[in-house]
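Following: one structure in structure tokens, then a few remarks.
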Amino acid sequence: MSAKKFSSDAVIAGQRGVTDEHNSIKMVKKRKALFSAARGLVRMSWNKYNLYNLVQRGVKPKDMSNKTLFQQRWQAKKDTRGYHGQYVINERQWKTMFKPNLPTANTKLGGDDRVPHPSVASLTFAEMERRLDFIIFRSHFCSSINQARQAIIHGNVFVNEKKLPYPSHRVKDGDVIRIDPQAVCTLSGPVGKELTFTPKDYQQPWMFLPDYLEVNYNTCSTIFLRTPISKPGKVEIPSPFPPEVHALAYEFYVRKGKTS
């Protein structure tokens, strides 16, 4: 190899190294911004900084008493969207999914009649729960919504035994969703051998299953049973925010739809 050729290859390799390092730095900065304590937004992730933001919301709740009604609605929209898919579904996409006519809940279905029934607006983001990436995260197969998206895009997720590399795919009632055990974040081991379950740090606060999912951890599969509903004293959609905040976010989008 000539000295000139060797020098050219070295320069290209050096440029690639610089580019890889630059991309790595950008990813770190993006991750820090995602879980920024200053913004304090709660995300769909087991990340320890996300857990810190969640705890801080309980320790230092936001004072909304001096805010106008519009400001309260806007803040509720910002907070709820921060958790419900903001960084995987942009506002334009969400507007096509948003349904102002929410289903009427059966107030006598399950629970004590003496317990107040939450506002139907608490189901504002119910349609998102049909998305494939949401289901994989809710089933605890991945530690974040982004990791769930990667598992789907890489062909590790099947719907009714058909490979679907589309995170935005919305399933139907009764669909069976299965993930390759090698792609499950808490399982490790060689292919073809029994895998070892290893809990992840900081995952415990997120270990709850919504009633509309039936998960089988032996087969790494989930059945989507039905659309989420609300019951007396309970909303099935997992969220760090109470129904009152969801109601404000719902009002924001309804009014925005009327004026757009």
Side-chain angles (χ1 to χ4, degrees), residues 30 33-45 50 53-54 56-58 60-107 116-138 144-146 148-149 166-173 210 212 224 226-231 234-260:
K30 185 177 181 180
L34 196 63
F35 305 113
S36 166
R39 299 179 69 187
L41 296 176
V42 182
R43 310 291 191 176
M44 294 176 69
S45 171
N50 190 49
N53 288 336
L54 176 63
Q56 285 298 106
R57 282 192 168 272
K60 298 179 181 179
K62 292 182 179 179
D63 182 13
M64 304 290 285
S65 60
N66 61 341
K67 304 291 185 181
T68 65
L69 183 56
F70 172 80
Q71 289 173 327
Q72 291 181 39
R73 288 170 176 163
W74 186 88
Q75 187 63 53
K77 166 259 180 187
K78 177 184 176 182
D79 290 340
T80 53
R81 279 287 286 125
Y83 178 76
H84 293 277
Q86 182 185 38
Y87 58 107
V88 294
I89 308 170
N90 61 39
E91 281 295 290
R92 180 180 58 80
Q93 293 171 317
W94 164 234
K95 283 181 66 177
T96 64
M97 296 174 61
F98 175 68
K99 296 180 178 180
N101 298 323
L102 296 174
T104 301
N106 185 351
T107 58
H117 197 286
S119 168
V120 70
S122 59
L123 300 174
T124 297
F125 301 101
E127 191 62 23
M128 288 189 183
E129 298 300 313
R130 288 185 177 273
R131 284 178 55 109
L132 202 51
D133 49 1
F134 274 58
I135 293 171
I136 293 298
F137 174 75
R138 297 290 192 211
S144 71
I145 192 73
N146 275 342
R149 288 173 61 82
Y166 311 112
S168 61
H169 174 76
R170 281 183 264 177
V171 304
K172 299 177 181 178
D173 293 0
Y212 50 87
F224 187 88
R226 52 171 172 75
T227 298
I229 61 174
S230 58
K231 302 176 183 179
K234 179 183 179 182
V235 179
E236 289 188 342
I237 300 176
S239 177
F241 306 102
E244 295 78 14
V245 175
H246 282 268
L248 286 170
Y250 171 78
E251 292 171 9
F252 176 88
Y253 283 111
V254 168
R255 294 180 67 85
K256 184 178 180 181
K258 290 180 179 179
T259 57
S260 60

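Nothing here was measured: the structure is a model prediction, and the numbers come from that model. Atoms considered below: every heavy atom in the structure, side chains included; atoms not considered: hydrogens, waters and symmetry mates.
For R57, the salt bridge (charged side-chain N to carboxylate O under 4.0 Å, His left out) criterion is met by D79, not counting sequence neighbours. Legend: residues meeting side chain to side chain donor-acceptor pair (under 3.5 Å) with N90, ordered by chain and number and at least two apart, are absent. With sequence neighbours left out, the side-chain contact (heavy atoms from CB on, under 4.5 Å) criterion links T68 to F70, Q71. Judged as a side-chain contact (heavy atoms from CB on, under 4.5 Å), and not counting sequence neighbours, the contacts of P118 are S122, S230, V235, P243. Every residue was checked against the ring pair (Phe, Tyr, Trp, His ring centres under 6.0 Å) condition with F134, not counting sequence neighbours, and none meets it. With sequence neighbours left out, the salt bridge (charged side-chain N to carboxylate O under 4.0 Å, His left out) criterion links K67 to no other residue. For R138, the side chain to side chain donor-acceptor pair (under 3.5 Å) criterion is met by Y83, E129, not counting sequence neighbours. In terms of the side-chain contact (heavy atoms from CB on, under 4.5 Å) criterion, residue partners of Q86 (sequence neighbours excluded) are, by chain and number, L41, R43, R81. For S239, the side chain to side chain donor-acceptor pair (under 3.5 Å) partners at least two apart in sequence or on another chain are H84, H246. Contacts of E236 classified as salt bridge (charged side-chain N to carboxylate O under 4.0 Å, His left out), with partners at least two apart in sequence or in another chain: R226, K231. Under the salt bridge (charged side-chain N to carboxylate O under 4.0 Å, His left out) criterion, K78 pairs with no residue, sequence neighbours left out. Taking A126 as the reference, L123, P228, I237 meet the side-chain contact (heavy atoms from CB on, under 4.5 Å) condition, with sequence neighbours excluded.
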